[in-house]
Structures are given as C-alpha cells and as structure tokens.
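Notes follow the structure.
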Amino acid sequence: MSQPDPLQASNEMEALRAQVEQLAAQLSEEYKMASIGRLLAGIVHEINSPIGSILSNNQVIVRALERVEQALAGGDPASLAKAKGLVGTCRSLAAVDKIACERIAEVVRGLKTFARVESADLRKVNLNEQIQNTLKLTHGEFKNRITVETDLGELPPVECHANMLNQVFLNILVNAGQAIEGHGKITVRTRREGDRVHIAISDTGPGIRPEDRPKIFAQGFTTKPVGVGTGLGLSISKKIVEETHGGSLDFESEPGAGTTFHIRVPIEQGRQAAGQPPGGRT
Amino acid sequence: MSTNQKSSVLIVDDEEMVITSVRAYLEIESEFEVHGFTSPEEAAKYLEENLVDIAVSDYLMPRMSGIQFLHRARELQPEASRVLLTGHADKQSAIQAINQVGLYQYVEKPWENEQLLLIIQNGIERAKLLRDLRAKVSELDTAHSSLKNVQKRLLQAFL
C-alpha cells in the first residue's frame, strides 16, 4: 500500500471545487431561465395585443390610403370630406401604433436586463428603473388577479450586478404572486438607508408557516407542487444578495397577514464586500 | 331592451389599442355598429339594456376574466354569439371557454383581420338565425294554442 500523495489529493480537491463552482453557476443560470419560462405565458400575452394591433392597423392604413387616393381622383366635395375622415383614422391608428411599439419595447427591455452578457460586471444602476423593468415581465401574469403598488423612494445609483439583482426581484415577485390565492396585492417599496438601499416586497398571501420559516432559504426546500417550485429560488437569491453583494435578505411573515421580503444592498461595493457571482465568473 | 337595425358587435378588451384597431377595421370593411369597452363590468351593464349580435372578449382582464364575462353575456343574451380573442398561450383557457360558456369561436392574438371579420359575420348570422328560430317557435306555440282553442270550441259546439 502506497501513502496517498498530498499534492495529488490537493489537486483533486481543487478540481472538484472548480467543478462544484461551475455547476453552481450553471444551476443559477438555469434557474434564471426557468423563472423567465414560468412567466412566458404572461409575457406572450403582453406582446400579442400590441402586435395584433400593429398588424391590423397596418392593413387598415393601406386600405384607407387606397380609398383616399380614389377620393382625391374624384375631387367632388363629398369624396374630399370622406378622404379627410380617413386621414383622421390613419392619424389615430399611427398614434396607437406608437403606444403598441413602446409596449413591446418595454417588455423587451425587461427581458434584456436578464440576458445581459456583461452580467459579471459591476455597474452603477438605478434600481428603481430595474424594478420597474422586472415588473413589466410579471404584469401579464398578475394582471387579472393581483394589484401591484409601487412606492419607490429616491435612490442613488447602486453599484451591483444588475441582472442578478433583477433575478432576485423577479424570484420574490413570482413567489409573492404564487402565494396569493385568488385576488391580492403586492407592494414594492424602496428607500435609502444610510450607505445601503432597502427594497421591501410585501404580499397579501397567507404568510409562511412557522415550521417552514427556518427552512425557506435552504437549497431544495419548497412547499410548491412538483413542476411549480424547484426549491432553488430563495437559496440562489440569498447567495446573490449576501455573498455577491455583501447585503442581506430576510423576511417577516405573519400567518394570515402576508409576507414581506427585505433586500438590503450596499450602494458602493467596497473591496471587502464585493464578492464573486455565485460559482465564480464563468 | 332596445333593438338596432344595424348588426351590433360588442368588444371587450382591457387594452384600448385592441378596441381601436378592431373598430377601425370593422368600420372600414363593414357596416356593423361597434361598441367597445375596456371594462367587462361596463360591457355587461350595456348588455342588460342593449341587444347585440356578437360579443368578442379578451381572456385576461383585471377583476373579471373573459370567461366570466362571456358567462354573464350568455345569461343576458343567450342568442348572441360569443368569441374569445386571446393572447394567452394556454390551450386550457380555450377548452374551459368552450365547455363553460358555449363559445362560438376562439381567436388567438395576434389575429388575422380577414379571419376575424369572417367569424364576426358568421357569428352575427348565427345569432340572427337563432333569434328568428326563437320567434318562429313562439309563433308556432301561439298558433298551436289558438288552434287548440278553436278545436276546444268546435268540440263544445258539437258535443
């Protein structure tokens, strides 16, 4: 029997550690895509109405122009009056198209905050704007039963990995939406607290059961049915807020009175606080 | 309940832009009267007092879903055709609608104008035929009972 080679063992450990980090990063990425996937039906609904409108308006405008042409060729006062009416229709449809395009652009902007390739880079961002972009993605999913209220205070630019924090916001918002049975309300409040910003997301759901509270940040813990919850969302969120940004993520919950998640992140990422994204930069 | 000469289309969508687009298309391509509502509650109120031939509704709306609205429309005006115009990528809602509200047609957003127009035209015709049928059945009932009366009087006269 030969003695184990300490150098070889240490190399193996190093390789295993790298593998674990890589898997953690992959898991985080897959979870992010899964959360977007869960919202897909709502997102599709959000953009289908404006697309339908634009397509229809385009056809109406082309028809209207043909008729305007005919009316102008006729030249009699009755035809000209009709042409004037059609020009008015075209103008109002062009205004609708503008609103419709803006709506699609807003949803795409919301999606882009998740797909940023420079995700590992720290940037100074307006977190209120990021929250509003994220809310655009949940709008379709929530709109028939949940009212979303925002109370966004003045915030300085926050140095952070924006797409990761958006993932946290989206995760907590989706959880809040799933917690609410039937109709309810979600409130998002932001404030500056000294050298940190505080984001509070409250829901009017049934609250978290006392026996579940110690476990909710544990990886793999979920109270949702198979196929709905993965038990990864809050554990990844906690890592993003606390390990990557040196902030804190906690909650308060009363049975019957809903739940509030408190996200606190430093405005500046000092060398000490600024961590690596979960799983390292890959 | 007031009746209109022109065929009447009711459209409910919480997105004003959808109503504007469909209205503009129907106005340029048809003679239908279009009544648009962004609130399903207000549309239901309209149905309490005004006859329509077809009700076209969005699926996902705040407070009242398209299914709930069409259910109410069925109670108020059973002959009016019911169409769900939805962007919701979920076949479950279609099946639910067909089973629960006796849906005439299900149209997905983004919609094709020609297809929507055809559905609306056919839906209007269907509603008018159903109303005619109901009127004929009631005429028949009246004729039947007056015949029965005549028969009764004849029997009384001879017996």
Side-chain angles (χ1 to χ4, degrees), chain A residues 37-68 82-83 85-104 107 138-148 182-185, chain B residues 11-30 34 36 38-41 56-70 83-94 96-97 106-120:
Chain A
R38 274 192 288 171
L39 290 175
L40 207 58
I43 294 171
V44 166
H45 184 269
E46 277 300 281
I47 59 174
N48 265 337
S49 288
I51 289 176
S53 261
I54 295 169
L55 286 171
S56 170
N57 295 347
N58 181 271
Q59 201 178 5
V60 174
I61 288 170
V62 170
R63 299 257 166 106
L65 286 176
E66 283 166 10
R67 292 189 192 177
V68 168
K82 204 177 159 198
L86 287 168
V87 170
T89 304
C90 290
R91 192 168 286 134
S92 67
L93 292 184
V96 170
D97 281 351
K98 188 165 180 276
I99 298 169
C101 288
E102 275 163 8
R103 176 77 60 78
I104 297 168
V107 176
T138 55
H139 183 251
E141 188 69 21
F142 289 171
K143 78 170 178 183
N144 57 336
R145 59 184 194 94
I146 297 166
T147 320
V148 178
H183 292 259
K185 190 168 86 176
Chain B
I11 173 154
V12 194
D13 198 306
D14 62 320
E15 304 275 10
E16 182 86 50
M17 65 174 87
V18 174
I19 298 174
T20 312
S21 300
V22 174
R23 187 200 297 278
Y25 179 70
L26 292 179
E27 275 173 2
I28 209 162
E29 292 295 335
S30 76
V34 183
T38 48
S39 142
E41 292 95 335
V56 181
S57 173
D58 182 23
Y59 173 61
L60 266 186
M61 292 180 285
R63 297 184 303 280
M64 194 187 219
S65 78
I67 309 261
Q68 288 168 319
F69 168 72
L70 291 175
V83 174
L84 201 64
L85 175 64
T86 172
H88 203 65
D90 167 21
K91 291 285 172 282
Q92 199 61 37
S93 61
Q96 199 188 358
Y106 177 91
V107 186
E108 283 189 24
K109 286 181 190 168
W111 66 97
E112 295 245 351
N113 274 335
E114 284 86 357
Q115 187 205 8
L116 185 64
L117 180 62
L118 197 67
I119 287 170
I120 290 177

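The model shown is predicted, which means the values in this text are computed figures rather than measured ones. Here is how names work: the chains are called A, B, and so on, in the same order as the sequence lines, proteins then strands, and each is numbered from 1. Below, all heavy atoms of this structure are taken into account, side chains as well, without hydrogens, waters or symmetry copies.
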How about residues 111-118 of chain B versus chain A: which residues have heavy atoms under 4.5 Å apart? Trp111(B), Asn113(B), Glu114(B)
Under 4.5 Å from a heavy atom of chain A, the part of Ser65(B) involved: neither
Answer yes or no: is there a donor N or O on one side and an acceptor on the other, between the side chain of Ser53(A) and the main chain of Met17(B), under 3.5 Å? yes
I'd like to know which of Asp13(B), Leu85(B), Val18(B), Val22(B) tops the heavy-atom pair count under 4.5 Å against chain A. Val18(B)
Donor-acceptor pairs are to be reported for all side-chain atoms of residues 85-97 of chain A against protein atoms at under 3.5 Å, with residues two or more places apart or in another chain.
from: Thr89(A); atom 1: OG1; to: Gly85(A); atom 2: O; distance (Å): 3.2
from: Ser92(A); atom 1: OG; to: Thr89(A); atom 2: O; distance (Å): 2.9
from: Asp97(A); atom 1: OD1; to: Asn57(A); atom 2: ND2; distance (Å): 2.8

Who among Arg103(A), Glu46(A), Arg145(A) has the most heavy-atom pairs with chain B under 4.5 Å? Arg103(A)
Using every non-hydrogen atom in the two residues, find where Ile28(B) and Arg67(A) come nearest and quote the distance to one decimal. O-NH1, 2.8 Å
